[in-house]
Amino acid sequence: GIRRIEADRNRLIIYAGAAGLLAIILAYIFAHFVVRRINSLITRVQTAATGDLEVTFPEKGLDEVEDLAVSLNLMMSGLRERAEMKSEIAAAAEIQNLLLPQRIPETLGGDYTIGTFYRPMKGVGGDYYDVLQDGSRVKVGIGDVTGHGLESGVLILMVQSGARAL
């Protein structure tokens with residue numbers, strides 16, 4: 001009777017205590033695992049914040065941490081593409097600045113004065129102008145290439161070479 005009830009109660013208390021202790025241990029292990037993965041992401045984000053665009057985030061697990069890693073990898077891919085585009089635009093702007101005349105004739109037979117000003121809307125434009133003096137003759141060239149970037153700069157270079165050869 002009573003002894004058996006007390007023994008069952010004591011056994012139940014021991015089992016409940018063991019189950020509670022096991023739950024606490026498992027929760028600690030799980031939390032440690034998740035926190036370690038999050039800390040890994042934080043470390044990589046901090047590395048990316050220094051300008052290292054080659055950082056990748058491990059896409060492990062089937063949880064929100066993996067979803068976050070996937071999103072961060074997509075973001076890094078977009079940042080790399082943007083950096084490449086900025087580099088290309090800077091190269092094209094440099095080419096374009098080299099193509100624009102460094103010196104132009106200031107007067108045309110004393111009757112006219114020439115002045116120029118150029119500022120593209122965005123880093124580089126597909127615009128071209130040139131002023132060439134050949135003795136008493138002045139040649140003015142103005143052009144616009146559709147598009148922006150390195151390809152436009154190269155096309156303008158070809159146009160300028162042809163125009164100067166004439």
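Just so you know, these numbers come straight off a predicted model, no measurement behind them. Position 1 is the first residue of the sequence; numbering continues from there.
Shown here are the side chain to side chain donor-acceptor pair (under 3.5 Å) partners of Asn73, two or more places apart in sequence or in another chain: Glu59.
Under the 3.5 Å distance criterion, the side-chain polar atoms of Arg80 are left unmatched by any main-chain donor or acceptor of Met75. Side-chain atoms of Arg44 come within 3.5 Å of backbone N or O of Thr56 as a donor-acceptor pair. Panel note: side chain Ser71, backbone Asp67; a donor-acceptor pair is recorded below 3.5 Å. Thr43 places a side-chain N or O within donor-acceptor distance of the main-chain N or O of Asn39, the cut-off being under 3.5 Å.
Considering Val70, Val65, Leu68, Leu41 in turn, Leu41 is the only one that fulfils the side chain to side chain contact (heavy atoms under 4.5 Å, CB included) rule with Phe57.
Atom-to-atom distance recorded for Arg37:CZ and Lys60:NZ is 7.5 Å, nearest 0.5 angstrom. The distance from the CG atom of Asp52 to the CG atom of Leu79 is 11.5 Å, given to the nearest 0.5 Å. From Phe33, atom CZ reaches atom CG of Asp63 across 7.5 Å, with rounding to the nearest 0.5 Å. Residue Ile5 holds its CD1 atom at 12.0 Å from CG of Asn10, rounded to the nearest 0.5 Å. Distance check, rounded to the nearest 0.5 Å: CD1 of Ile25 to CD1 of Ile29 gives 7.0 Å.
Within 6.0 Å of CD in Glu64 there are 12 or fewer heavy atoms belonging to other residues, nucleotides or ligands.
Taking the side chain as every heavy atom from C-beta outward, Leu74 and Leu72 never approach each other to under 4.5 Å.
Residues Val34 and Ile42 share a single hydrophobic cluster, defined by chaining ILVMFWY side chains whose heavy atoms lie under 4.5 Å apart. Under the 4.5 Å side-chain contact rule for hydrophobic residues, Ile142 and Val131 share a cluster.
The two residues Ala69 and Pro58 make their nearest non-hydrogen contact at CB-O, 3.2 Å.
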